[in-house]
Each structure stands twice: as C-alpha cells, then as structure tokens.
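Below you'll find the structure, written out as structure tokens, and then a few comments.
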Amino acid sequence: QVQLVESGGGLVQAGGSLRLSCAASGRFFSIQAMGWYRQAPGKQRELVALITTGGSTVYADSVKDRFTISRDNAKNTVYLEMKGLKPEDTAVYYCNVRGIVAGISVSTNYWGQGTQVTVSS
C-alpha cells in the first residue's frame with residue numbers, strides 16, 4: 001500500500017509561518033515529482049509548488065517568494081515552508097507524489113488526505 005502522511009497544518013496569524021511535511025511510504029520503485037496542491041472552499045484545487053527528483057521547481061505565482069518547496073529523496077519526503085502567510089492562503093493542502101510503485105508499471109499520482117491551513121487576519 002501507498003500512504004502519504006501530511007503534517008504541519010494549523011491556525012496561524014497573517015504574516016506567520018508554517019512548515020508542512022509529507023512522508024510517502026510504500027514500495028516506490030521511483031518518484032518523478034512531489035508537490036503540494038491546495039483547495040479553498042468553493043474553488044478548484046490548484047498547484048502550489050512542485051519539485052522533481054532532479055530538483056527543478058515550479059511555484060504558483062501567488063506564492064512565489066513566500067513559499068519554498070524542498071525534498072529529501074532518500075526519505076521520500078517533501079516539505080513546504082510557508083512564510084508571510086495571508087488569509088487567502090487558507091485552504092486544505094494536499095500532498096501529491098508522482099511515481100512508480102512496485103507491482104504497477106506506470107507512473108501514478110498519489111494523494112494525501114490533506115491538512116488544513118487557516119490564516120487569520
């Protein structure tokens with residue numbers, strides 16, 4: 001089985017910081033990318049940040065210069081450091097891993113259960 005366990009969400013004041021973690025467990029043969037998405041009430045899920053195994057990163061324009069994504073390939077763990085949080089950052093944040101699991105021959109997207117981030121004004 002594959003499990004993505006997220007942690008680090010919570011309630012924070014505007015301007016504060018949080019660090020999200022996502023540990024992917026399972027028989028991964030390879031991982032191509034790890035990232036974070038978020039979904040606010042009444043809105044579509046959107047990409048927040050993505051990092052490939054090689055280290056290339058992609059950020060949503062709304063979080064550039066405030067959020068930093070990083071990963072530990074050896075631990076199959078991805079982090080999202082969030083600074084200067086704004087009320088509009090309030091959403092459920094979902095960890096995503098794209099990889100190949102033993103027994104499955106195609107690359108597949110796997111999702112965590114989500115962690116709530118609430119930024120008060």
Side-chain angles (χ1 to χ4, degrees):
Q1 294 85 6
V2 173
Q3 285 189 317
L4 276 59
V5 181
E6 301 132 321
S7 63
L11 175 64
V12 65
Q13 292 181 313
S17 301
L18 286 173
R19 186 171 187 255
L20 305 183
S21 299
C22 174
S25 63
R27 295 181 297 162
F28 280 97
F29 177 76
S30 64
I31 292 176
Q32 286 72 58
M34 306 182 78
W36 292 92
Y37 291 71
R38 68 186 181 187
Q39 187 167 22
K43 296 185 178 180
Q44 293 182 298
R45 187 173 299 187
E46 65 174 351
L47 173 69
V48 177
L50 176 71
I51 186 167
T52 69
T53 303
S56 298
T57 58
V58 176
Y59 293 94
D61 288 340
S62 60
V63 306
K64 287 181 179 178
D65 302 320
R66 297 190 298 119
F67 292 8
T68 302
I69 189 168
S70 61
R71 87 287 191 227
D72 186 332
N73 289 337
K75 297 180 179 179
N76 288 342
T77 300
V78 63
Y79 308 92
L80 185 67
E81 184 179 12
M82 304 184 292
K83 298 180 179 180
L85 284 163
K86 304 175 180 179
E88 51 262 44
D89 294 318
T90 296
V92 177
Y93 284 70
Y94 296 91
C95 178
N96 174 267
V97 175
R98 183 173 182 82
I100 300 174
V101 176
I104 302 175
S105 61
V106 298
S107 183
T108 304
N109 281 306
Y110 298 92
W111 295 90
Q113 293 297 112
T115 184
Q116 178 70 47
V117 172
T118 302
V119 184
S120 64
S121 59

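All values below come from the heavy atoms of this structure, side chains included, with hydrogens, waters and symmetry mates left out.
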Any pair with a residue in [range] that passes salt bridge (Lys or Arg N to Asp or Glu O under 4.0 Å), sequence neighbours left out, goes on the list, sorted by first then second residue, please.
range            : value
residues 29-42   : Arg38-Glu46, Arg38-Asp89
residues 72-86   : Glu81-Lys83
residues 106-121 : none

Output the distance between atom [atom1] ([X]) and atom [atom2] ([Y]), rounded to the nearest 0.5 Å.
X      : Y      : atom1 : atom2 : value
Trp36  : Leu20  : CH2   : CG    : 4.5 Å
Ile104 : Arg27  : CD1   : CZ    : 9.0 Å
Leu18  : Thr115 : CG    : OG1   : 9.0 Å

(request) State, to 0.1 Å, how close Pro87 and Ser121 come at their nearest heavy-atom pair, and which atoms those are. (result) CG-CB, 3.8 Å
(message) Please find the pair of heavy atoms, one from Thr53 and one from Ala33, that lie closest to each other, and give the distance.
(response) OG1-N, 4.4 Å
(message) Applying salt bridge (charged side-chain N to carboxylate O under 4.0 Å, His left out), can you list everything that pairs with Lys64, at least two apart in sequence or on another chain?
(response) Asp61
(message) Once disulfide (SG to SG under 2.5 Å) is applied, what residue pairs with a partner in residues 13-117 remain, sequence neighbours excluded?
(response) Cys22-Cys95
(message) Within the 4.5 Å heavy-atom criterion, are Val119 and Val117 side-chain neighbours or not?
(response) yes
(message) Holding to side-chain contact (heavy atoms from CB on, under 4.5 Å), I want the full list of residues that pass it with Ser107, two or more places apart in sequence or in another chain.
(response) Gln32, Arg98, Ile100
(request) Under the side-chain contact (heavy atoms from CB on, under 4.5 Å) rule, collect the residues that match up with Phe28, sequence neighbours excluded. (result) Val2, Ala24, Ile31, Asn76, Val97, Val101, Tyr110
(request) For Thr108 and Val106, indicate whether the former's side chain and the latter's backbone hold a donor-acceptor pair under 3.5 Å. (result) yes
(request) Please answer whether the main-chain N or O of Thr90 pairs with a side-chain N or O of Thr118 as donor and acceptor at a distance below 3.5 Å. (result) no
(message) Test: ring pair (Phe, Tyr, Trp, His ring centres under 6.0 Å). Region: residues 56-79. Which pairs qualify, not counting sequence neighbours?
(response) none
(request) If a pair satisfies ring pair (Phe, Tyr, Trp, His ring centres under 6.0 Å) and one of its residues is in residues 38-58, list it, with sequence neighbours excluded. (result) none
(request) May I ask you to list the residues sharing a hydrophobic cluster with Trp111, side-chain cutoff 4.5 Å, ordered by chain and number? (result) Tyr37, Leu47, Leu50, Val58, Val92, Tyr94
(request) Tell me, please, which residues at least two apart from Gln113 pass side-chain hydrogen bond (donor to acceptor under 3.5 Å, both in side chains). (result) none
